[in-house]
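From a predicted model like this one, the values you see are computed outputs, not experimental measurements.
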Amino acid sequence: MQRSLLHHSAGHHRIRLHAVEQHIDSNTLESRDFFGMMSVFASLHHEFVCSATNDGLAAARARGKTGGRRPLLTPEQAEQAQQLYDSGTSIPKIAQTFKTARSTIYRYITPKASE
């Protein structure tokens with residue numbers, strides 16, 4: 001889509017492309033058709049790449065693989081961090097205990113309800 005819009009925009013703004021070695025001049029009917037075909041091929045290639053990527057991700061999921069970063073804390077550590085927080089331990093102290101950043105601890109804990 002973007003390639004076709006770029007091609008259309010270039011024609012609209014009277015931008016002329018002249019490739020000397022390939023004998024392509026965007027001012028001629030044949031060259032404009034050539035650019036149109038190249039745009040179709042580029043779009044088709046993009047669709048193939050997207051399809052292959054999605055097929056690969058689906059196959060990985062079927063094998064039990066998940067993408068993304070690994071969690072910084074295990075579920076047991078997250079539960080322990082929550083218990084420390086509930087008992088009144090400060091966030092910086094919990095972060096120091098698990099050798100991680102405060103922002104990581106904030107992602108794993110559920111804050112106390114306001115009273």
Side-chain angles (χ1 to χ4, degrees):
M1 180 80 152
Q2 289 178 350
R3 289 175 184 89
S4 63
L5 289 175
L6 177 64
H7 177 66
H8 176 70
S9 176
H12 179 69
H13 293 290
R14 296 186 181 152
I15 297 172
R16 184 174 175 196
L17 175 68
H18 185 87
V20 177
E21 288 185 20
Q22 290 81 12
H23 305 290
I24 299 171
D25 183 359
S26 63
N27 236 14
T28 65
L29 176 64
E30 294 85 8
S31 294
R32 285 194 303 272
D33 287 345
F34 172 76
F35 285 121
M37 287 187 297
M38 294 308 292
S39 176
V40 169
F41 289 138
S43 179
L44 184 62
H45 179 263
H46 175 74
E47 291 297 323
F48 284 150
V49 168
C50 288
S51 178
T53 299
N54 288 333
D55 290 348
L57 289 171
R61 278 198 269 335
R63 291 191 310 269
K65 302 289 182 182
T66 57
R69 278 182 87 163
R70 292 189 180 121
L72 294 173
L73 298 181
T74 65
E76 295 81 20
Q77 289 174 322
E79 185 178 328
Q80 186 180 5
Q82 183 67 50
Q83 290 171 354
L84 288 169
Y85 178 75
D86 291 342
S87 69
T89 307
S90 69
I91 297 293
K93 185 67 177 165
I94 298 170
Q96 185 179 15
T97 302
F98 291 102
K99 296 182 175 85
T100 188
R102 290 177 300 166
S103 57
T104 301
I105 301 300
Y106 279 114
R107 280 194 304 269
Y108 282 95
I109 64 164
T110 305
K112 298 176 185 172
S114 300
E115 295 179 25

Hydrophobic cluster of Val40, others only, ordered by chain and residue number, side-chain cut-off 4.5 Å: none

Minimum heavy-atom separation for Leu72 and Arg107, please, with both atom names. CD1-NH2, 4.0 Å

Taking only residues two or more places apart in sequence, or in another chain, which ones meet Asp86 in a side chain to side chain donor-acceptor pair (under 3.5 Å)? Gln82

Using a 4.5 Å cut-off on heavy atoms from C-beta on, say whether the side chain of Gln80 contacts that of Glu76. no

Would you tabulate the side-chain donor-acceptor contacts of residues 53-71 under 3.5 Å, counting partners in other chains and residues two or more places apart, or write 'none'?
| residue | atom | partner | partner atom | Å |
| --- | --- | --- | --- | --- |
| Thr53 | OG1 | Val49 | O | 2.9 |
| Asn54 | ND2 | Cys50 | O | 3.3 |
| Arg61 | NH1 | Leu57 | O | 2.8 |

If you look only at distance, which donor and acceptor atoms sit under 3.5 Å apart when one is on a side chain in residues 92-102 and the other is two or more places apart or in another chain?
| residue | atom | partner | partner atom | Å |
| --- | --- | --- | --- | --- |
| Thr97 | OG1 | Lys93 | O | 2.8 |
| Thr100 | OG1 | Thr104 | OG1 | 3.3 |

Partner residues of Thr28 under the side chain to side chain donor-acceptor pair (under 3.5 Å) criterion, sequence neighbours left out: Ser31

Residues passing the side chain to side chain donor-acceptor pair (under 3.5 Å) test with Glu30, sequence neighbours excluded, are none

Can you name the nearest heavy-atom pair linking Tyr85 to Ile91, along with the distance? CD1-CD1, 3.5 Å

List in chain and number order the residues that pass side-chain contact (heavy atoms from CB on, under 4.5 Å) with Leu44, two or more places apart in sequence or in another chain; answer none if no residue qualifies. Phe48

Look up atom CG in Leu84 and atom CD in Glu79, then write down how far apart they are to the nearest 0.5 Å. 11.0 Å

